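Below: the structure, in structure tokens.
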Amino acid sequence: MYALVDCNNFYASCERVFDPSLENKPVVVLSNNDGCVIARSNEAKALDIPMGAPAFQYEKIFEKNNVYVFSSNYALYGDMSRRVMNILSTFTPDIEIYSIDEAFLLLAGFKEHFDLTTYGQDMIKAVRSRTGIPISIGIAPTKALAKVANKIAKKFANHTGGVHIIDGPEKIRKALSWTKIGDVWGIGRQYEKRLLALNIKNAQQFVELHDEYVRKEFSVVGLRLKRDLSGLSTLSLEATPLKKNIAVTRAFENMYSDYAELKERVSTYAVKIGEKLRRQDSNCSLLQVFLLTNPFRNDLKQYRASISVYTPHPTNSSITLVKTALTGLEMIYKEGFQYKKAGIIAMKLTPAKQKQFKLFTEENPKHEQLMKVVDLLNFRENGKVKFGGQDLGRTWKIKQERLSNRFSTRMDELIRIKI
DNA sequence: TCTGGGGTCCTAGGACCC
DNA sequence: TCTGGGGTCCTAGGACCC
């Protein structure tokens, strides 16, 4: 059996842990630049604030309903996630961390020795008492069905107490008939549209389609999903692998048309890519750089371009990455456009330890030492060391007007209690 | 004024190899 | 008239996920 454990309204719940007065109140968390709503408490969902809602369009609704609005605080959410996952790992040796707030647990052979409902409830209690985060658990013979079970556990929390088990053909059929086709894991907007056109409205009707048909219309991905949903375990637990790509992409606060400004932004993104690579101890060999205008401004000329550039050798040195990224930028930049967003994706990642030496080009060995020192200083001094290509006068101007403290990772931002 | 960011996988087509 | 068969690698685009 597989369990899917999902943190309820994760980002909103993290904010609540450190401010319990938010309990039972509507809470939303915004994306970078305070742009869109990316997490909502149940109370906020009840106000019909949709996922992805642009914040500026909902300002009035926030005010009228006393919605508590937060900028996203990834330092906090990442650390809380790590704590939750650590607790879950004590319940089974086989765990796949699927996302920041979700994990699959393989409970092989547990059924014979434990009551799975009680086991699930024990997990809920442990995570709640040790982190303050509420979770829901779905248990079933396959991953796709565990997802379905999780949805039921959450939707009928009053009945299920947060744990729901699907086992046996009858329960599977019942759960699948209840599940709307668009709510199935792996069925997104496009597939939903196509299936509805065929009058396939729920998951049960989907699993009754012929294999060949599903394979032809929805590729092997769809076919695997169909099998897994029908109870044949097809998707297995994956060891949480190292990342294959690492990206830093941001919309700008304004539109830029000046090459010098883009150069500064892209340099800063490349420096950040370097930090991320060093954190997971990887090198990269290929950088993809892209640039685009504001797609929401129909009145302006549109342009988007992207290019891949090889680094001279596998590297995680910010210096080399900046140089490579700027080569790419120069190739795709065109004058006369108002740019709104740029990004860099590092690809072809290799472990930093297994460096393939090149015959003619090689990293200056001083880079490695230098980067170590820079990372250390930036950690201690909260990001004070910058590179020449970055704007030294810039006080990081991403919009974060309602940021909570990094309660669990910074000494100077600990929660304060008055006695 | 204002509209996120970071991932994965699959397929098709082109360029290349022997 | 007629023009092989089997590969790999890369890229772009499109779908999906949270």
Side-chain angles (χ1 to χ4, degrees), chain A residues 4-11 28-40 50-60 62 69 71-74 77-78 81 96-104 143-144 147 150-151 181-195 214-225 235 238 240-255 269 272-273 276 280 285-286 288 290 292-300 304-310 338 340-349 398-401:
Chain A
L4 175 70
V5 178
D6 186 311
C7 300
N8 303 345
N9 315 324
F10 183 53
Y11 297 169
V28 301
V29 177
L30 304 180
S31 63
N32 257 355
N33 273 324
D34 290 351
C36 300
V37 172
I38 54 167
R40 305 155 297 157
M51 188 69 172
F56 75 92
Q57 286 175 4
Y58 281 78
E59 211 68 39
K60 288 238 168 68
F62 294 159
V69 181
S71 305
S72 39
N73 184 345
Y74 290 105
Y77 312 149
S81 168
E96 173 188 346
I97 297 170
Y98 179 68
S99 73
I100 193 162
D101 73 332
E102 268 178 60
F104 286 102
K143 286 170 95 173
K147 272 271 190 187
N150 184 280
K151 198 150 263 179
I181 192 64
D183 289 341
V184 173
W185 183 44
I187 304 289
R189 281 237 272 287
Q190 299 306 312
Y191 287 179
E192 180 188 22
K193 218 189 287 168
R194 277 157 68 184
L195 286 162
V214 174
R215 159 82 233 226
K216 204 175 115 236
E217 292 296 313
F218 304 99
S219 86
V220 297
V221 183
L223 184 57
R224 281 180 206 147
L225 173 66
L235 310 169
E238 321 247 339
T240 311
L242 284 181
K243 289 201 174 63
K244 294 180 174 171
N245 299 311
I246 288 183
V248 173
T249 70
R250 292 270 182 292
F252 313 133
E253 64 274 27
N254 306 311
M255 287 184 282
Y269 298 174
K272 289 218 170 293
I273 287 267
K276 287 188 174 188
Q280 83 159 39
S285 310
L286 187 61
Q288 189 175 322
F290 70 84
L292 60 143
T293 50
N294 188 342
F296 294 103
R297 292 289 299 268
N298 297 324
D299 53 322
L300 299 177
R304 56 164 64 212
S306 124
I307 194 163
S308 302
V309 191
Y310 278 92
Q338 308 249 63
K340 179 62 182 171
K341 183 172 182 174
I344 307 179
I345 306 169
M347 302 189 293
K348 288 189 188 286
L349 305 191
I398 150 177
K399 201 173 143 201
Q400 284 188 321
E401 287 171 352

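In what follows, chains carry the letters A, B, and so on, assigned in the order in which the sequence lines appear, proteins first and then strands, with residues in each chain numbered from 1. Small disclaimer: the values here were computed from a predicted structure and weren't measured. Computed from heavy atoms alone, side chains included, the values below leave out hydrogens, waters and symmetry copies.
Atoms CG (Leu195(A)) and C1' (dC16(C)) sit 14 Å apart, rounded to a whole Å. If you take CD1 of Ile97(A) and P of dC18(C), they are 16 Å apart, rounded to a whole angstrom. A straight line from CH2 of Trp185(A) to P of dC18(C) spans 8 Å, rounded to a whole angstrom. Counting to the nearest Å, the P atom of dC18(C) and the CZ atom of Arg189(A) are 13 Å from each other. Remark: C1' of dA15(C) and CG of Leu223(A) are 16 Å apart, rounded to the nearest angstrom. With rounding to whole Å, Asn150(A) atom CG is found 10 Å from dC18(C) atom P.
Among the atoms of the strands shown, only primed sugar atoms or phosphate atoms (P, OP1, OP2) are found under 4.0 Å from some heavy atom of Ile187(A). Across all strands shown, Val29(A) has no heavy atoms under 4.0 Å from either base or sugar-phosphate atoms. Note on Lys147(A): only backbone sugar-phosphate atoms sit closer than 4.0 angstrom, heavy atoms only; bases stay farther off. Nucleic acid contact class of Tyr191(A) (heavy atoms, under 4.0 Å, all strands): sugar-phosphate only.
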Exercise for the section: Kindly express the pairing pattern of DNA chain B in dot-bracket notation, using | wherever a base pairs with another strand and counting only Watson-Crick or G-U pairs under 3.5 Å. Expected result: ....||||||||||||||
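Proximity of a side-chain donor or acceptor of Lys147(A) to a complementary backbone N or O of Leu4(A) within less than 3.5 Å is not detected. Using a distance-only test at 3.5 Å, with no hydrogens or angles considered, no donor-acceptor pair links the side chain of Ser71(A) to the main chain of Asp34(A). Judged by distance alone, the side chain of Ser219(A) and the main-chain N or O of Val221(A) form a donor-acceptor pair under 3.5 Å. Proximity of a side-chain donor or acceptor of Lys341(A) to a complementary backbone N or O of Thr293(A) within less than 3.5 Å is not detected. Judged by distance alone, with hydrogens and angles left aside, the side-chain atoms of Asn294(A) form no donor-acceptor pair with the main-chain N or O of Met255(A) at under 3.5 Å. Ser81(A) places a side-chain N or O within 3.5 Å of a backbone atom of Ile100(A) that can act as its donor or acceptor partner.
With sequence neighbours excluded, no residue forms a side-chain hydrogen bond (donor to acceptor under 3.5 Å, both in side chains) with Asn150(A).
Atom CZ of Arg194(A) has more than 12 neighbouring heavy atoms from other residues, nucleotides or ligands inside a 6.0 Å radius.
For Glu238(A) and Lys143(A), the salt-bridge test fails: no basic side-chain N is under 4.0 Å from an acidic carboxylate O.
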Completion exercise
Per-nucleotide protein contact along nucleotides 1-14 of chain B, 5' to 3', at a 4.0 Å heavy-atom cut-off (B base, S sugar-phosphate only, - neither), is -BBBSSSSSSS---
